[in-house]
Amino acid sequence: MSNIDIVVILVFTLLVFICGMSFSKAGKNMKSYFAAGGALPWWMSGLSLFMSFFSAGTFVVWGSIAYSSGWVAVTIQWTMCIAGVIIGFFIAPKWQKTKALTAAEFITDRLGKSTQKAYTYIFLVISIFTTGAFLYPVAKIVEVSTGIPITTSIIVLGVLILVYTAVGGLWAVIVTDVLQFIVLTAAVLIVVPLSFDKIGGLDNFISQAPEQFFEFTNSEYSWVFMIAFGLYNLFFIAGNWAYVQRYTSVATPKDAKKVGWLFGALYTISPLIWMLPPMIYRVLNPELGELADEGAYLLMCKEVLPVGMLGLMLGGMVFATSSSVNTTLNISAGVLINDIYKGLFPETSDKKLVKTARIATILLGVLTIIIALLVPLLGGIVEVVMSLAALTGGAMFLPPLWALFSKLQTGKTVLSVTVISLGINAFFKFFAPDLIDLTLGRAMEMGVGMGIPIVLLLGIELYLKYSNSSTSAYDVYETKRQLKVAEPQEAEDGSNNKGTRVIGIGVALTGLLILILSVIGESAQLLVGGMGVSVLVLGLYIIRKTKK
């Protein structure tokens with residue numbers, strides 16, 4: 001990596017950090033800190049949802065699968081598109097109508113305080129492992145690109161991420177997410193044509209690719225796996241507490257629908273583009289083995305990107321992947337403060353609550369760093385991500401999601417399904433191989449993880465329906481919800497306009513940086529320069545819109 005690339009990384013890091021820190025005074029109360037005031041523009045929320053989810057493993061996890069298995073990685077990600085469309089039609093507007101600040105608040109209103117406390121503790125434990133699994137790919141990217149030891153990368157990046165998330169709250173997360181989306185889209189649209197050029201064009205790529213490289217499934221990632229993983233994505237994107245925040249932070253149910261639809265639309269197109277570089281690198285260098293394929297995406301970028309653009313791509317990748325970390329840190333701190341601390345100390349002022357929330361974010365960030373350091377000892381990032389999905393996805397997120405639509409489920413039934421499902425999944429994962437000599441394959445593990453809570457909830461729902469069970473708990477919840485709907489809405493405090501303006505300035509400066517790199521670079525100057533102009537014009541257009 002050249003000195004220019006390193007300078008670009010530092011400049012882009014500074015730009016993202018300043019954008020996030022510019023909202024240090026935005027969190028004047030809990031709603032502005034954790035829900036951006038509750039009237040976030042739908043396109044910002046949708047892009048942030050996309051970046052928060054997609055960045056968790058696109059470059060390392062799915063890039064690794066794309067290198068080793070080819071088109072299968074695209075099929076896996078298309079299940080996310082289907083999930084987004086379904087969520088847009090049915091689930092996102094339902095969440096917005098709850099008028100809850102967090103998913104935990106909904107669980108309290110709908111299923112009771114004791115149920116909410118149990119779910120909160122389970123969620124916080126799982127979220128620490130999840131954020132650790134998200135932080136690891138960031139450090140892996142840095143290690144592959146710069147040679148900096150992965151341990152050092154995890155610690156430094158973890159500290160940087162938790163600082164600007166703790167200071168800026170949800171607005172810091174949203175603004176940096178949108179900026180990263182623009183940067184990475186521009187960068188990958190440069191990488192793809194240069195990658196094809198490197199191997200002599202599309203025909204050479206197809207002819208030299210391994211056999212069955214363009215099959216939709218394979219023995220490990222079969223259609224059974226795809227269906228089960230599609231259900232996991234539906235439950236996870238619809239019910240994960242961090243993503244629920246994107247549906248509840250917009251102004252209307254119609255806006256919430258658009259958030260889901262934008263996510264689905266982006267996941268229709270993006271897998272086709274994002275997965276090509278690691279797939280092409282398989283043809284260019286088929287010798288990567290074991291965990292080395294986790295770096296295939298960056299290795300392709302290093303092969304083809306002109307001077308400076310590798311640094312920008314790396315900076316975008318790092319902060320895009322970091323998006324998953326800061327999103328989960330923000331909502332986890334929100335759960336701790338809004339749903340536990342505030343209950344213990346109800347008289348605490350808004351100013352003190354926000355200060356405590358920032359401290360909670362830092363403490364959770366430290367635990368995230370520790371978990372990320374342990375990922376290599378747990379079998380690598382692909383194993384960790386897939387196992388977490390199978391173990392916790394359906395068990396944790398489907399039962400409360402079911403209660404969003406059911407009038408019959410109670411706190412006891414919903415929590416029982418979660419605990420039983422987690423117990424059964426843990427048995428098959430950790431104990432069955434030794435006790436009964438049974439090891440589930442990838443597809444069956446995912447199928448069991450998603451199938452058990454579905455069967456249990458369906459059985460309970462039918463039993464409650466035909467035994468004429470009372471809906472009194474739901475009636476109480478509906479009364480609470482109607483009171484929240486009737487509450488006067490806070491006037492928009494200018495944060496939307498400020499957020500849009502900060503995004504515009506960040507995008508424009510990034511376009512200017514790309515233009516400068518096109519002049520410095522000795523190759524692909526027209527392609528890079530054209531992209532720089534496009535990004536600069538987009539940034540200026542966004543700034544102009546805020547002045548109207």
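Heavy atoms only: backbone and side chains are in, while hydrogens, waters and symmetry mates are out.
When side chains are defined from C-beta on, Val191 counts as touching Met313, because their heavy atoms get closer than 4.5 Å. Two residues are said to be in side-chain contact when any heavy atoms from C-beta on lie closer than 4.5 Å; Tyr136 and Val384 fail this criterion. At least one side-chain heavy atom of Leu391 sits less than 4.5 Å from a side-chain heavy atom of Phe430. Put simply, the side chain of Thr410 does not reach to within 4.5 Å of the side chain of Leu415, judged on heavy atoms. Here the side chains of Met444 and Val224 are not in contact, with every heavy-atom distance at 4.5 Å or above. Residues Met279 and Phe205 are in side-chain contact: their nearest non-hydrogen atoms beyond the backbone lie under 4.5 Å apart. Using a 4.5 Å cut-off on side-chain heavy atoms (C-beta onward), Tyr247 and Leu49 make contact. Considering only heavy atoms from C-beta on, Leu422 comes within 4.5 Å of Ile122 through its side chain.
Heavy-atom contacts from other residues, nucleotides or ligands closer than 6.0 Å to CZ of Phe129 number 12 or fewer.
At least one donor-acceptor pair under 3.5 Å links the side chain of Asn204 to the backbone N or O of Ile199. Remark: side-chain polar atoms of Thr120 are paired, donor with acceptor, to backbone N or O of Gln116 under 3.5 angstrom. In this structure a side-chain-to-backbone donor-acceptor pair under 3.5 Å is missing from Ser421 to Ile452. In this structure a side-chain-to-backbone donor-acceptor pair under 3.5 Å is missing from Asn285 to Tyr281. Looking only at distances, no side-chain donor or acceptor of Thr79 sits under 3.5 Å from a matching main-chain atom of Thr75. A donor-acceptor contact shorter than 3.5 Å links the side chain of Ser467 to the backbone of Tyr463. At least one donor-acceptor pair closer than 3.5 Å links the side chain of Thr108 to the backbone N or O of Ala104. Although no hydrogens or angles enter the test, the distance criterion places a donor-acceptor pair under 3.5 Å between the side chain of Ser416 and the main chain of Lys412. No side-chain donor-acceptor contact under 3.5 Å links Tyr67 to the backbone of Ile280. The closest donor-acceptor contact from the side chain of Arg282 to the backbone of Ser68 lies under 3.5 Å.
By the 30° and 60° cut-offs, the orientation of the rings of Trp223 relative to Phe216 is parallel.
Minimum interatomic distance between Pro453 and Gly449 (heavy atoms only, all atoms of both residues): CD-O, 3.3 Å. Minimum interatomic distance between Arg110 and Ser406 (heavy atoms only, all atoms of both residues): NH2-O, 2.6 Å. Of all heavy-atom pairs between Met226 and Tyr221, the closest is CE-O, 3.7 Å. Closest approach of Ala403 and Val414 over heavy atoms only: CB-CG2, 4.2 Å. Scanning all heavy atoms of the two residues, the minimum distance from Pro271 to Leu266 falls at CD-O, 4.1 Å. The two atoms that bring Met450 and Ala390 nearest to each other are CE-O, 4.1 Å, heavy atoms only.
For an aromatic pair to be called close, the ring centres must be under 6.0 Å apart, and Trp95 with Phe106 satisfies this. Residues Tyr243 and Phe236 bring their aromatic ring centres within 6.0 Å. If you look at Phe235 and Phe397, their ring centroids are not closer than 6.0 Å.
Distance CG/Leu401 to CG/Leu234: 7.0 Å, rounded to 0.5 Å. Leu404 CG to Lys97 NZ: the interatomic distance, rounded to the nearest 0.5 Å, is 10.5 Å. Between Ile370 atom CD1 and Ile154 atom CD1 the span is 11.5 Å, to the nearest 0.5 Å. Atoms CD and CD1, from Gln77 and Ile65 in turn, are 8.5 Å apart once rounded to the nearest 0.5 Å. Going from atom CH2 of Trp43 over to atom CG of Asp255 covers 13.0 Å, rounded to the nearest 0.5 Å. Atoms CD1 and CD1, from Ile91 and Ile237 in turn, are 10.0 Å apart once rounded to the nearest 0.5 Å.
Legend: residues meeting ring-ring contact (aromatic ring centres under 6.0 Å, His included) with Phe213, ordered by chain and number and at least two apart, are absent. Under the rule for a side-chain hydrogen bond (donor to acceptor under 3.5 Å, both in side chains), Ser222 has no partner lying at least two apart in sequence or in another chain. Under the rule for a ring-ring contact (aromatic ring centres under 6.0 Å, His included), Tyr119 has no partner lying at least two apart in sequence or in another chain.
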May I have the step-by-step check of side-chain contact (heavy atoms from CB on, under 4.5 Å) for Lys99 and Thr248, ending in yes or no? CA-CA 7 Å; Lys99 299 302 177 183; Thr248 60; over 6 Å; no
Checking Trp71 against Leu272 for the side-chain contact (heavy atoms from CB on, under 4.5 Å) test, could you report, in this order, the C-alpha distance in whole Å, the side-chain angles of both residues, the deciding distance, and whether it holds? CA-CA 9 Å; Trp71 197 266; Leu272 298 171; 3.6 Å; yes
Checking Tyr297 against Trp274 for the ring pair (Phe, Tyr, Trp, His ring centres under 6.0 Å) test, could you report, in this order, the C-alpha distance in whole Å, the side-chain angles of both residues, the deciding distance, and whether it holds? CA-CA 9 Å; Tyr297 208 112; Trp274 298 113; 7.1 Å; no
Passes side-chain contact (heavy atoms from CB on, under 4.5 Å), Val72 versus Glu215? Steps please. CA-CA 7 Å; Val72 166; Glu215 296 290 328; 5.7 Å; no
In sequence, state the C-alpha distance, the side-chain angles, and the governing distance for Tyr267 and Trp78, and then conclude on side-chain contact (heavy atoms from CB on, under 4.5 Å). CA-CA 6 Å; Tyr267 257 112; Trp78 272 343; over 6 Å; no
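Counting only N and O atoms by type, the side chains of Gln245 and Ser249 include no donor and acceptor under 3.5 Å apart. For the residue pair Glu220/Ser69, the side-chain donor-acceptor check at 3.5 Å is not satisfied. In this structure, a donor-acceptor pair under 3.5 Å is absent between the side chains of Arg481 and Thr98. A donor-acceptor contact closer than 3.5 angstrom links the side chains of Trp402 and Glu461.
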